[in-house]
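What follows is a short report on a single structure.
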Amino acid sequence: MSGVRVRFAPSPTGYLHIGGARTAVYNYLYSKATGGTFVLRIEDTDQERSLREYEDKLLSDLEWLGITYDEGPSRPGEFGPYRQSERLEIYKEYAQKLVDENKAYYCFCTDEELEEKRNLAKEQKAAPVYDGTCRSLGKDEVAKKLAAKIPATIRFKAYEKDYTIHDTVRGEVTYPKGMVGDFVIMRSNGFPVFNYCCALDDILMKITNVIRGEDHLGNTLRQLMIYDAFNVKPPTFSHLSLLVGEDRQKLSKRHGSTSVANYRDDHYYAPALINYLILLGWSHPEEKDIFSLEEASRGFNINRFSKSPALFDFEKCKWMNGEYLKKLDVEKLVGMIDLTIPKDHLYHEQSMRWKQEVATLYVEKINKVDEILPYLDLLFSSNTEFDGPAKEVLAWETTPKIKKFLKGEIEALTIKGEKFVKAEEFEGWGNFIKKELGIKGKNLFMGMRVLLTGSVEGSELKSVIPLTPLEILYKRVYQE
RNA sequence: GCUCCCAUCGUCUAGCCCGGUCUAGGACAUCGCCUUUUCACGGCGGUAACAGGGGUUCGAAUCCCCUUGGGAGUACCA
């Protein structure tokens, strides 16, 4: 095991977003590629928005995607607990340490005062940074206020110096000094604030590489200061470009399906979704498009991230899903189809062999398993409605002759108690019509097709007809 | 406002770091042809991009600067 330790640190404030899934998979891939450790940390310090229910969903979505982790809430390692709400004492302890070392201080400013200051700064077109009012409070005064239970936050004394982030995808990003004022690290309710606990946890959990969305680039400045205060060398950062919607804005709910659950419910095949996600902002060294998680980790190079934001292309994602379906074992494919077909559908009454043949036949035409339903419905629909081109075929003088013959054959088989026409028998019909009735070419094939299926188009007749229940065929040819 | 980031076909991207092999490659989408007496699959081919302007250089998609356009951040959210 190499020394590499990465983490995915979602907040359970909603369903797992595909952007989050992308971040997660890159971390996963990097840990696999380096033989490192992948840590899952739940950042639930926002009491109001964090829900345990979301955490459960998050975990199951990750599992569905096939992203596993080495340490996390349900996989305790030596750096736990992995839920921030269970680490409150730790944050408190270290915050106090910072106060003792004069690197942080108690602040008693109220929300109203703060807002006023911000507005003032805005008016003067200055950066809205905290003015440091409570910085100079005397020790006794602080003790008195604390004893009086006046709500207090703990603010970090921002360092007055330039900071340069060494980022594997951005290069060197320098933030000039004075960008941030003294920021809150502990809320008045005793909960830590993101930038502080995130950095502290990364330190405590010995994270070596932080791979996350570009929206955190700015946060890195504050986090760097925390590393500084604790005298710890910061990890290597990789800030990924964001996923955007049609309007080129950061991908959010209003862009349609953005949660992993949406895709699961929409019958996407997880390995395909993951494959597509990996390709959004990263490219395979050999320019491969289709690869498994395992293959990706083998060729995973952290230097191959794209800097510009990527637009999620539903069309291509679906295409990729189709590619995966075509490579699937029939058994697996049938298993997936089973789940998407309505319970009362005649499909479920058919034999396994029939299901497999149907699956094999139609997988070529679909990109998602649920897209097979219309084809299935076609197979079982007894009253056919003829469209324009089909009516034309019906009007041919040869068609009634074929119909008469077909009626006889189908009736005979029905009397015999058959459920389906065998492929050879069906071929025999064609031959008979050709030889004995003298009908051939387009007249023959189209005539049979329209009579038997009601349409001028569809899959190969000799595959479809043997899969269509005889009684359905019967109804179709006897229909006037 | 301020700070930072980004900029190759409609979309995802290769190439950029280490200028010439780039008349810019691949994939999705799209169009055409072949195949299939239908549809689809498949095969073949086409349309389609270095944001603009300046430099540097014998030579720039590649290096530098500016402009424009887009994005992100600027909380007791994460």
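FYI, side chains are in, hydrogens and waters are out, and symmetry mates aren't considered; it's all heavy atoms of this structure. Order of the sequence lines fixes the chain letters, A, B, ..., with proteins taken first and strands second; residue numbering starts at 1 for each chain.
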Checklist entry - A:Ser283 near the nucleic acid: base, sugar-phosphate alone, or nothing, with a heavy-atom cut-off under 4.0 Å? => result sugar-phosphate

Checklist entry - Base, sugar-phosphate, or nothing for A:Met446, non-hydrogen atoms under 4.0 angstrom? => result sugar-phosphate

Checklist entry - If we call it a pair only when both distances are under 3.5 Å in a Watson-Crick or G-U wobble match, what pairs with B:C22? => result none

Checklist entry - How do A:Thr174 and A:Ala310 order along RNA chain B: which one's closest nucleotide is nearer the 5' end? => result A:Thr174

Next on the checklist: Between B:A7 and A:Lys307, counting only base atoms on the nucleotide and side-chain atoms on the residue, is there a donor-acceptor pair under 3.5 Å?
Outcome noted: no

Item to check | Whole-angstrom distance between B:U74 and B:U30, as gauged at atom C1' | outcome: 43 Å

Next on the checklist: Looking at A:Lys250, I'd like to know whether one of its side-chain N or O atoms comes within less than 4.0 Å of OP1 or OP2 on B:G73.
Outcome noted: yes

Checklist entry - Counting only heavy atoms not in A:Lys327, do more than 12 fall under 6.0 Å of its NZ? => result yes

Checklist entry - Quick one: which of B:A29, B:G25, B:C76 gets closest to the side chain of A:Glu287? => result B:G25

Any N/O pairs under 3.5 Å between the protein and nucleotides 44-46 of chain B? List them or say none.
none

Item to check | Base-pairing mate for B:G42 - Watson-Crick or G-U, with both contacts under 3.5 Å | outcome: B:C34

Item to check | Minimum-distance nucleotide to A:Gln249 side chain [options: B:G71, B:A78, B:A27] | outcome: B:G71

Next on the checklist: When you measure from the side-chain N and O atoms of A:Arg304 to the phosphate of B:G15, is any distance below 4.0 Å, counting only OP1 and OP2?
Outcome noted: yes

Item to check | Pairwise C1' distance for B:G59 and B:U21, with rounding to whole Å | outcome: 14 Å

Checklist entry - Applying the side chain to side chain contact (heavy atoms under 4.5 Å, CB included) test to A:Asp61, which of A:Ile18, A:Asp56, A:Leu16 qualifies? => result A:Leu16

Checklist entry - With distance as the sole criterion, do the side chain of A:Ser188 and the base of B:C76 form a donor-acceptor contact below 3.5 Å? => result yes

Item to check | A:Leu114 side-chain proximity, nearest of B:U13, B:C76, B:C4 | outcome: B:C76

Next on the checklist: When both hydrogen-bonding distances must be under 3.5 Å and the geometry is Watson-Crick or G-U wobble, what is B:C50 paired with, if anything?
Outcome noted: none

Checklist entry - Once the angle between the rings of A:Tyr159 and A:Tyr163 is folded into 0 to 90°, is it parallel (under 30°), tilted (30 to 60°) or perpendicular (over 60°)? => result tilted

Next on the checklist: Could you identify the nucleotide paired to B:U57, looking across every strand shown and requiring Watson-Crick or G-U wobble geometry with both distances under 3.5 Å?
Outcome noted: none

Checklist entry - In whole Å, what is the span from the CG atom of A:Asp167 to the C1' atom of B:A72? => result 14 Å

Checklist entry - Is a donor-acceptor contact shorter than 3.5 angstrom present between the side chain of A:Asn219 and the base of B:A78? => result yes

Item to check | Side-chain donor/acceptor of A:Asp167 to backbone N/O of A:Glu172, under 3.5 Å | outcome: no

Checklist entry - Among B:C12, B:C39, B:U37, which nucleotide sits nearest the side chain of A:Leu311? => result B:C12

Next on the checklist: Can you tell whether the side chains of A:Lys161 and A:Asp228 come within less than 4.0 Å, N to carboxylate O?
Outcome noted: yes

Checklist entry - A:Glu214 side chain: which of B:U38, B:C5, B:A27 is closest? => result B:C5

Checklist entry - Is the distance from OP1 or OP2 of B:C12 to the nearest side-chain N or O of A:Ser306 less than 4.0 Å? => result no

Next on the checklist: Measuring from the side chain of A:Glu323 (C-beta onward, heavy atoms only), which nucleotide among B:G42, B:C76, B:U37 has the closest atom?
Outcome noted: B:G42

Checklist entry - Partner of B:A14 by Watson-Crick or G-U wobble geometry, both contacts under 3.5 Å, or none? => result none

Next on the checklist: Between the side chains of A:Glu295 and A:Arg298, is the shortest nitrogen-to-carboxylate-oxygen separation below 4.0 Å, so that they form an ion pair?
Outcome noted: no

Item to check | Nucleotide of B:C4, B:C76, B:U3 approaching A:Val173 most closely (side-chain heavy atoms) | outcome: B:C4

Item to check | Closest listed nucleotide, where the reference is the side chain of A:Glu460 and the choices are B:U38, B:C76, B:A7 | outcome: B:U38

Checklist entry - Expressed in whole Å, how much space separates the C1' atoms belonging to B:U36 and B:C41? => result 10 Å

Next on the checklist: Under 4.0 Å, heavy atoms only, any strand: does A:Cys109 hit a base, just the sugar-phosphate, or nothing?
Outcome noted: base

Checklist entry - Near A:Lys326 NZ, under 6.0 Å, is it more than 12 heavy atoms from other residues, nucleotides or ligands? => result yes

Checklist entry - So among A:Arg135, A:Met225, A:Lys103, which one has a side chain to side chain contact (heavy atoms under 4.5 Å, CB included) with A:Lys157? => result A:Arg135

Checklist entry - Using purine N1 to pyrimidine N3 plus N6-O4 or O6-N4 for Watson-Crick, or N1-O2 and O6-N3 for G-U wobble, both under 3.5 Å, which nucleotide pairs with B:U74? => result B:G1

Checklist entry - Does A:Glu246 CD have over 12 foreign heavy atoms under 6.0 Å away? => result no

Item to check | Candidate nucleotides B:U74, B:U3, B:C12, ranked by approach to the side chain of A:Lys316 - the nearest | outcome: B:C12

Item to check | Nucleotide nearest A:Arg170 (side chain, heavy atoms from C-beta), chosen from B:C5, B:A14, B:C76 | outcome: B:C5

Checklist entry - In the structure shown, which nucleotide is the Watson-Crick or G-U wobble counterpart of B:G69, with both distances under 3.5 Å? => result B:C6

Item to check | Under 3.5 Å side-chain donor-acceptor pair for A:Ser308 and A:Ser241 | outcome: no

